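Working notes, beginning with the structure itself.
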There are 2 protein chains.
Amino acid sequence: MVTKEEKTTQNPCPVSAMVALIGGKWKPIILYCLRSDTRRFGEIATRIPTISRKVLTDQLKELEQDQLIIREQFNETPPRVEYSLSELGKSMAPVLAAMEKWGTENILNKHL
Amino acid sequence: MVTKEEKTTQNPCPVSAMVALIGGKWKPIILYCLRSDTRRFGEIATRIPTISRKVLTDQLKELEQDQLIIREQFNETPPRVEYSLSELGKSMAPVLAAMEKWGTENILNKHL
DNA sequence: TTCTTTAGTTACCATTACGTTACCACTATT
DNA sequence: AATAGTGGTAACGTAATGGTAACTAAAGAA
């Protein structure tokens, strides 16, 4: 996540700036999962079966704080919460697409 | 880094595959630093002033193990070691470029 | 009444990542 | 004899991340 310090400290490296936002094991995957659709919490959890619910909650909170995603809560029973990409989040599409392309071409089914 | 488990476990997500290789705070920056030139250890340390030498050593080792960079050691005194991108490392250029572009357009000088 | 469903939270622990400081080998220079 | 320069390593500690299990509220269904 981006701390206050990091917001004010002028770090001149654009790559660092990006890593501060989507570094970590899960954030790129979560954003990738939201790339085309609004999704409910449980839906994301199903699509990323190896993430625990706690960690998913934590990561979604940070992504929301960093304004990459939007959380919409419906006061129903049982509860319903929908997550979607913000404009800032959508602007990351080229990065995620480049990552997906690389992963597909270089890793999958290659036993590297 | 990529563990044996991750190599054999078929993880079908290309984005995860990429994150396993360049996740973490420093690897994208190191690769970005090597994008155009072979560089010596001390040179990298100077260009990334906030990384500690130990962590730099660790990350370079992992990048070498994952075959993203090549380490060439010259037996001189004082010692000289040069790091450069492998072909696999070079193939990540589009991802790094996308990250750089995003960082430049969205973060720098914006006090987000 | 009890069970089910959703989207969490809380407490707790383990593992990984990151960081600091001190130190080393070897040679040339001062 | 002491210092500088290079590319590290060793010991140690903290911070961040990841994970499990148990629990919650509220409404509807069996």
Side-chain angles (χ1 to χ4, degrees), chain A residues 1-6 9 11 13 15-16 19-30 33-34 38-66 69-84, chain B residues 1-6 9 11 13 16 19-31 33-34 38-66 69-84:
Chain A
M1 240 203 68
V2 177
T3 62
K4 266 186 195 168
E5 250 237 84
E6 285 163 338
T9 302
N11 184 334
C13 172
V15 177
S16 300
V19 169
L21 282 173
I22 61 155
K25 191 171 169 183
W26 300 112
K27 284 178 185 170
I29 300 159
I30 294 169
C33 178
L34 294 174
T38 289
R39 296 205 186 283
R40 299 182 61 174
F41 181 87
E43 244 183 311
I44 304 172
T46 303
R47 282 163 182 273
I48 311 178
T50 50
I51 195 172
S52 74
R53 313 204 124 219
K54 173 187 171 275
V55 173
L56 179 53
T57 305
D58 293 348
Q59 301 292 307
L60 287 169
K61 261 186 202 152
E62 291 190 4
L63 288 169
E64 195 198 356
Q65 276 181 51
D66 285 335
I69 64 173
I70 293 163
R71 178 182 188 274
E72 197 177 359
Q73 182 175 342
F74 301 86
N75 291 316
E76 308 171 353
T77 303
R80 179 159 65 100
V81 178
E82 291 187 348
Y83 294 92
S84 56
Chain B
M1 238 204 69
V2 177
T3 61
K4 268 184 195 168
E5 250 236 83
E6 284 161 340
T9 304
N11 183 335
C13 172
S16 300
V19 168
L21 282 172
I22 62 156
K25 191 172 170 181
W26 298 113
K27 283 179 185 169
I29 301 158
I30 294 170
L31 294 174
C33 178
L34 294 174
T38 288
R39 295 205 187 284
R40 297 181 61 174
F41 181 87
E43 242 182 312
I44 303 172
T46 303
R47 284 165 179 272
I48 312 177
T50 49
I51 196 174
S52 74
R53 309 197 131 230
K54 172 189 173 276
V55 173
L56 179 54
T57 305
D58 292 348
Q59 302 293 306
L60 287 169
K61 260 184 203 154
E62 292 189 3
L63 288 169
E64 196 198 356
Q65 277 180 51
D66 285 334
I69 64 174
I70 293 162
R71 178 181 187 275
E72 198 177 358
Q73 181 175 341
F74 301 87
N75 291 315
E76 307 170 352
T77 304
R80 181 160 62 101
V81 178
E82 291 187 348
Y83 293 93
S84 56

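For clarity, every value in this text was computed on a predicted model and none was experimentally measured. Protein chains get the first letters and strands the later ones, always in sequence-line order, with residue 1 at the start of each.
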Are any of the side-chain heavy atoms of [X] and [Y] separated by less than 4.5 Å?
| X | Y | result |
| --- | --- | --- |
| A:Tyr83 | A:Glu64 | no |
| B:Leu31 | A:Val15 | no |
| A:Leu56 | A:Trp26 | no |

Indicate, with a heavy-atom threshold strictly under 4.0 Å, whether [X] touches base, sugar-phosphate, or nothing.
| X | answer |
| --- | --- |
| B:Glu82 | nothing |
| B:Arg53 | base |
| A:Lys27 | nothing |
| B:Phe74 | nothing |

- Donor-acceptor pair, A:Arg39 side chain versus A:Cys33 backbone, under 3.5 Å?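 Yes; at least one donor-acceptor contact below 3.5 Å.
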
With the side chain of [X] defined as its heavy atoms from C-beta on, choose the nearest nucleotide among [options].
| X | options | answer |
| --- | --- | --- |
| A:Ser52 | D:dT20, C:dT6, C:dC18 | D:dT20 |
| A:Lys54 | D:dG18, D:dG7, C:dT20 | D:dG18 |
| A:Arg40 | C:dT6, C:dG8, D:dG19 | C:dT6 |
| B:Arg71 | D:dT9, D:dG5, D:dG7 | D:dG7 |

Provide, to the nearest angstrom, the distance between the [atom1] atom belonging to [X] and the [atom2] atom belonging to [N].
| X | N | atom1 | atom2 | value |
| --- | --- | --- | --- | --- |
| B:Lys61 | C:dC18 | NZ | C1' | 15 Å |
| A:Arg39 | C:dA7 | CZ | C1' | 17 Å |
| B:Ile48 | C:dC18 | CD1 | C1' | 15 Å |
| B:Gln59 | C:dA17 | CD | P | 8 Å |
| A:Ile44 | C:dG8 | CD1 | C1' | 13 Å |
| B:Lys25 | C:dC18 | NZ | P | 7 Å |
| B:Glu62 | C:dA17 | CD | P | 7 Å |
| A:Glu64 | C:dA7 | CD | C1' | 14 Å |

- Does B:Trp26 make a side-chain N or O approach to OP1 or OP2 of C:dG19 shorter than 4.0 Å?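 It does, given that an N or O in the side chain of B:Trp26 lies less than 4.0 Å from OP1 or OP2 of C:dG19.
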
- Option passing side chain to side chain contact (heavy atoms under 4.5 Å, CB included) with B:Phe41 (candidates B:Arg80, B:Arg53, B:Glu82):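 Going through the options one by one, the only one that passes is B:Arg53.
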
- Query: Does A:Asp58 or B:Thr77 map to a spot on DNA chain D nearer the 5' end, using the closest nucleotide for each?
  - Reply: B:Thr77

- Task: Starting from the 5' end of DNA chain D, give me the residue, B:Pro78 or A:Ile51, whose nearest nucleotide shows up first.
- Result: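 On the 5' side of the pair lies B:Pro78.
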
